[in-house]
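Below is one structure, written out as structure tokens, with a few remarks after it.
Keep in mind that this is a model prediction, so the values were computed, not measured. So you know, we letter chains A, B, ... as the sequences are listed, proteins then strands, and number each from 1.
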Amino acid sequence: MIGPTTLHVRSINHKNAPTEVREKAHLDPELATRLMDALGGHYADENHDPTASETGCISVIPVSTCNRTEIYLEVTEGTDADALLRRGLTEVGADADIFFSEYATELRDLEAVRHLFGVSSGLESMMLGEPQISAQLKDAYRLARNHHEPGPGLLRAFQGAFRTGKRVRTETRISIGAVSVAFAAVELARKFFDKLCDHRAVLVGAGETGGLAARHFLQHNIGHLVVVNRSLENAELLADTLRAERKAGLDKKAEKNSGGLLAPAPDPAGKCGKISVLPWDQLTAAVAEADVILSTTGATEPVIMPEMVEAAVPRRKGKPLFLLDIAVPRDIHPDVGKISNVFMFGLDDLDGIIQGNLDARAGQVPHAQGIIQEELEEFQQWLEDIDLRPTVAEFKAYLEGLKDKQVGFVRKKQSEEVAIAVDRSLQQFIKKVLGRSVSTLKSAQSREERERDLETLKRIFAPDERD
Amino acid sequence: MIVVMSVFKVLMPMIYLVVWGSYLWLFYTDHPVARRLCTRLAVTAVILHIICMLGKGFVLGRMPMGAPLEFLCALALAMLATYLVIEIRIKAKSTGFLVTGMAFLLIFIGSSFSTTEPEVSVYLDDPGFAGHAILVLFAYTALSLSFLFAVLYLILNRQLMKHQFGLLFRRLPSLDTLERMSVGAVKLGVPLLFASLCLGHLWMYDLADRMDTHMAAMLSPWDPKILISWVILLGYTIGLVGNRFLGWRGKRMNVMAVVAFISVVAAMGLVHHFFPSFHNFKSTEPISTLSGFPESASHILVRCEGGHDR
């Protein structure tokens, strides 16, 4: 139990449900809003006392991504959260049965909060440590906040989750290292060239894979990207798309809103990210000028031959040439890799890098779990103090009432300046008395002792006829 | 002051050990805390070591690098300080564990075994020597770091060629960065070596006026050690010009850096072996006494590097 309320989460995710089940469970923003309407979350008491709809629901936050759909609920104590959720899902036309099938997991109170912290940190993600989930959680939270004020438990839990996620990503290496082929290609290239902005890449082929790899290279500010394709028209099309995306990405970056695009790294001088196109018959010339060659065509025979590369090598004066063949069947003749100062890699190499990075991320899990535990203990501390709040608020109101009376009295007898000075002085006095009282209440050795202390405080300062 | 010096003597190796530990931690885990800490610790170690050396110099009344073990401590400082300059300029920390490890070993040996006051030449009290020796120390340290970074370049180059993606692949900076570090070290070393040679020449002529004729006759700008130093300077300068204007890059440049440093060590070793007399100032008598009694030159204790009296 979270104070006078309870927290629940029902989760369908990649660990317990196949894709088709996750698809059925998906809640788009419109459906999520309707679910919030149906459940009637409306915590909005100005004194921050939990108030609930007639259904007993204080707050609901649905989170839905491609790998998980989770519904976080805060309800008043004694409310049947399952029945409430089933009714709400049925009312909005969602498949309620899925959320109560063997594919769903249910967690309560602290376990629900621990799960949320794990999700926010990327520990529950399919790609361990992936950072996207943090933004997705924030979107879900924002949607819920626009609908209703979250209850104290969910508010605190989500704020804690965002903080935990940030800490895990900054204090551990759980999000470091490429775990996708396109990003691994960039990571590998960066083992050769520190600043990609000073280098020229040639993309051979204008297909989907090539486009994705090109986007990652542009995101890391490759100096000049040359697209070479058998169909010049397709190359031009890809180049135009990449230019438009880069411009949009830079604009969004300027607005500090990365959006869904691969936002490029800052490029204040604007000297990186040039994109141009060359016809297929100039492939040899393009290879001769390149530092990085990415080949992704659908050709059945190699298109980059040793003699093309051999011709380019002497001009490089010892600088390494990086070739990446991510086509199947391969685009680059195997003998190219035997040329001095030429480094040729393929899909198997990228898989090796990805696996190494995933293993390194897995090694960070205990550290991340330690951070989650720390944050959870803080949440638990907050929970333990939650019962103090009404009494402390009452005590504060009582003291402020006395202060106002005294200040009013001074104002009648003395000047306004004196009254302001007295007011300030008494404010300081109240602050000190409250601080001391709260710390004394917190230091109680047992729950019984704390309740006894609270009761005494209430009796001492309860308003009576003498006031 | 002597008590403070004794404390520093114990403290400095420990500080170097902590610095090495932080760089090792960074290398193995790439932990953000290690990333933040290591450079700060290294800077602190350098500052403390400089204070320690100044204090020791004040107590001894001479530069504390005349004896071999003192020299090791000074070498540790030079190594760490030169590395820090390169690290801060290039912004690459992952090679620090090697340099700081070597610096720790040097200071550990230098601090652990220096028990009695060593006998050092009176010529080494001279300020001219101080400047010359410090410049030489930093110059050759920079060249040795260039060698180290070039070796790391060749190791990473080989790993990439063999498609091995282990710890070194993950932790070492890019080939580009390693090359910049190697070239950066040479860019530091060449002007320092040039300055040290110039100062050495000036000091030599100044010293010749004050010492007895027999010893003064041994001082010559055509000494093999000086000549070889000029050749080294010329070789590294050509390398820098090639890198800057002729586009010498990559594996070839780094192989050259490795070969150059091995040649330096070999040449110095050979010259040291076959021409041991020069750069050997192991007289313990004051300069004024020496210059006042030129006929006593044969009694001056000038030891060869091997310890033979001459």
Quick one: of A/Q364, A/K195, A/R316, A/K319, who has the most non-hydrogen atom pairs under 4.5 Å with chain B?
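Highest number of pairs under 4.5 Å: A/K319.
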
Heavy atoms only, distances under 4.5 angstrom: which of A/K191, A/R190, A/E187 has the most pairs with chain B? Name it, please.
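Most heavy-atom pairs within the cutoff with chain B belong to A/K191.
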
Quick check on B/L246 against chain A: is it the side chain, the backbone, both or neither that has a heavy atom closer than 4.5 Å?
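Looking at B/L246, just its backbone touches chain A.
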
For residues 78-99 of chain B, pull every pair meeting side chain to side chain donor-acceptor pair (under 3.5 Å), keeping only residues two or more places apart or in separate chains.
B/Y23-B/E87, B/T39-B/E87, B/T39-B/K93, B/Y83-B/E87

Quick check against the 3.5 Å criterion: does A/D194 have a side-chain atom that pairs as donor or acceptor with the backbone of B/D176?
no

Between B/N254, B/T177, B/D30, B/T29, which residue shows the highest count of heavy-atom pairs closer than 4.5 Å to chain A?
B/D30

B/H31, B/M253, B/R180: which one forms the most heavy-atom pairs within less than 4.5 Å of chain A?
B/H31

Quick one about A/R173 and A/N357 (side-chain donor to acceptor, distance below 3.5 Å, no hydrogens or angles considered), yes or no?
no

Using ring centroids (six-membered ring only for Trp), state whether B/H163 and B/F169 fall under 6.0 Å.
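Ring centres of B/H163 and B/F169 not closer than 6.0 Å.
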
What closest approach, in Å, do B/S229 and B/L193 show between heavy atoms, and which atom pair accounts for it?
O-CD2, 4.1 Å

